[in-house]
Chemist: 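Below you will find the structure I want to go over with you.
These numbers were taken from a predicted model, which means no experiment stands behind them. Numbers for residues simply follow the sequence, beginning at 1.
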Amino acid sequence: VAGGIIFTTSADKRRRSKWPGGLLRLRARRPGPALSHPARSSSIRLIWANVSPQFKVGFFLSNLQEAALAYARRGWPIFPCRVDKTPYVEHGVLDATTDEAVVAGWWERWPGANVALAVGDAGLLVIDYDPGSDEAEVRNALGGAPPVTRLSARTPRGGRHDYYLLPRGTEPVASSSGRFAAHVDVRSFHGYVLLPPARTADGAYEWTSEGKPAAASEALLSACRAAR
């Protein structure tokens, strides 16, 4: 509570969608009627701007642990990383787990840690578009446009992470950097990405689309394997 405002996340509303992006957005409300009037929303932003830095830091740290546990509950193997994306744990991505007790212990030890996802172990493929990437080059590599996915995140420097489901029985897809297309990385087997609300020196990760990820097409898988 700050200045009469209760800050929550949508996890407080006990939403249990399969894909967890919606759990991690900051919300603010007053006790009672919903805040639908623009003037009320403006007043919330003003109050948040004037709360103490200590409150903001405490809120962010508690949100990181909440996020880590939420991802683990959904079967996404995670582990803690520093602001520079290096792992806190000894074996990095190989230590990723969904064990809530282990996850809680990590974030008690490193409360400011970013949440990293072991992409391949989650049964996923991530196409990482860095600034400067050319989607026309991606289309040429695939022989057409990639599947439209409904799970996507904005990266701190203005890039994008598009998430795809690996079809059951698919052979592991090796991670690679810049071989698929210029400024486009592939993350899957033994690869990892940071998950919202992670922050680096460049800014924060944020979900931009929170639906179910599309299945990786055969063309996409073939292009990723050719990039090894």
Chemist: Do you know the tightest heavy-atom contact between Pro146 and Arg139?
Modeler: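 Taking every non-hydrogen atom into account, CD-CG, 4.4 Å.
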Chemist: Is the number of heavy atoms from other residues, nucleotides or ligands under 6.0 Å of Arg82 CZ greater than 12?
Modeler: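 For Arg82, atom CZ is crowded (more than 12 foreign heavy atoms under 6.0 Å).
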Chemist: Can you find a pair of side-chain heavy atoms, one from Leu64 and one from Pro111, that are under 4.5 Å apart?
Modeler: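 The answer is no, as the side chains (C-beta and beyond) never meet within the 4.5 Å cut-off.
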Chemist: Specify the closest pair of heavy atoms between Tyr164 and Ala215, including all atoms of both residues, with the distance to one decimal.
Modeler: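 Here Tyr164 and Ala215 meet closest at CD2-O, 4.3 Å.
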Chemist: Report yes if the side chains of Val138 and Tyr129 come closer than 4.5 Å at any heavy-atom pair, otherwise no.
Modeler: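 Contact flag for Val138/Tyr129 side chains = yes.
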Chemist: So if you build clusters from Ile, Leu, Val, Met, Phe, Trp, Tyr with side-chain heavy-atom gaps below 4.5 Å, do Leu194 and Ile78 land together?
Modeler: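 Unlinked, Leu194 and Ile78 end up in two clusters.
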Chemist: Look at the side chain of Thr208 and the backbone N and O of Ser152, then say whether any donor-acceptor pair between them is shorter than 3.5 Å.
Modeler: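 Yes; at least one donor-acceptor contact below 3.5 Å.
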Chemist: Measure the shortest side-chain to side-chain distance between Phe79 and Val103 over non-hydrogen atoms and say whether it is less than 4.5 angstrom.
Modeler: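 They are not in contact (no side-chain heavy atoms under 4.5 Å apart), so the answer is no.
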Chemist: Using side-chain heavy atoms (C-beta onward) and a distance below 4.5 Å, is Pro80 in contact with Asn114?
Modeler: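 Heavy-atom side-chain distance check fails, nothing below 4.5 Å.
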Chemist: Does any donor atom in the side chain of Thr97 or Asp99 lie under 3.5 Å from an acceptor atom in the other side chain?
Modeler: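 Short answer, no.
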Chemist: What distance separates Leu151 CG from Thr149 OG1, expressed to the nearest 0.5 Å?
Modeler: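 Result: 6.0 Å between the selected atoms.
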Chemist: Which heavy atom in Glu100 sits nearest to a heavy atom in Leu69, and how many Å separate them?
Modeler: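 The answer is O-CD2, 3.7 Å.
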Chemist: Can you classify the ring geometry of Tyr163 versus Trp76 as parallel (below 30°), tilted (30 to 60°) or perpendicular (above 60°)?
Modeler: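 Correct class here is parallel.
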Chemist: Is there side-chain contact between Val93 and Pro87, with at least one heavy-atom pair below 4.5 Å?
Modeler: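 With C-beta onward as the side chain, the pair stays apart.
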Chemist: Between Tyr192 and Val83, is there a shared hydrophobic cluster once you connect ILVMFWY residues whose side-chain heavy atoms come closer than 4.5 Å?
Modeler: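 Hydrophobic grouping puts Tyr192 apart from Val83.
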Chemist: Treat each ILVMFWY residue as a node, draw an edge where side-chain heavy atoms are under 4.5 Å apart, and state whether Trp107 and Tyr71 are in one component.
Modeler: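 Looking at the clustering, Tyr71 is in the same group as Trp107.
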Chemist: Is it true that a side-chain atom of Ser175 and a backbone atom of Phe189 form a donor plus acceptor pair closer than 3.5 Å?
Modeler: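 Checking the backbone N and O of Phe189 against the side chain of Ser175, a donor-acceptor pair under 3.5 Å is found.
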Chemist: Indicate yes or no for a side-chain donor-acceptor contact from Thr170 to the backbone of Pro167 under 3.5 Å, with no hydrogens or angles considered.
Modeler: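 Yes, Thr170 side chain to Pro167 backbone: donor-acceptor pair under 3.5 Å.
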Chemist: Do Leu124 and Leu117 make a side-chain contact, defined as non-hydrogen atoms from C-beta onward lying under 4.5 Å apart?
Modeler: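 Contact flag for Leu124/Leu117 side chains = yes.
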Chemist: Tell me whether Arg199 is salt-bridged to Glu206, with the criterion being a basic N under 4.0 Å from an acidic carboxylate O.
Modeler: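 No.
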Chemist: Any chance the side chains of Arg225 and Ser176 put a donor and an acceptor closer than 3.5 Å?
Modeler: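 No.
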Chemist: Hey, does the side chain of Ser188 reach the backbone of Leu125 with a donor-acceptor pair shorter than 3.5 angstrom?
Modeler: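 Not a single qualifying donor-acceptor pair exists.
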Chemist: Measuring only between side-chain heavy atoms, which start at C-beta, is Thr155 closer than 4.5 Å to His161?
Modeler: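 Counting from C-beta outward, Thr155 and His161 do come under 4.5 Å.
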Chemist: Looking at Asp128, Ile127, Asp134, Asp130, which hits side-chain contact (heavy atoms from CB on, under 4.5 Å) with Val184?
Modeler: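 That would be Ile127.
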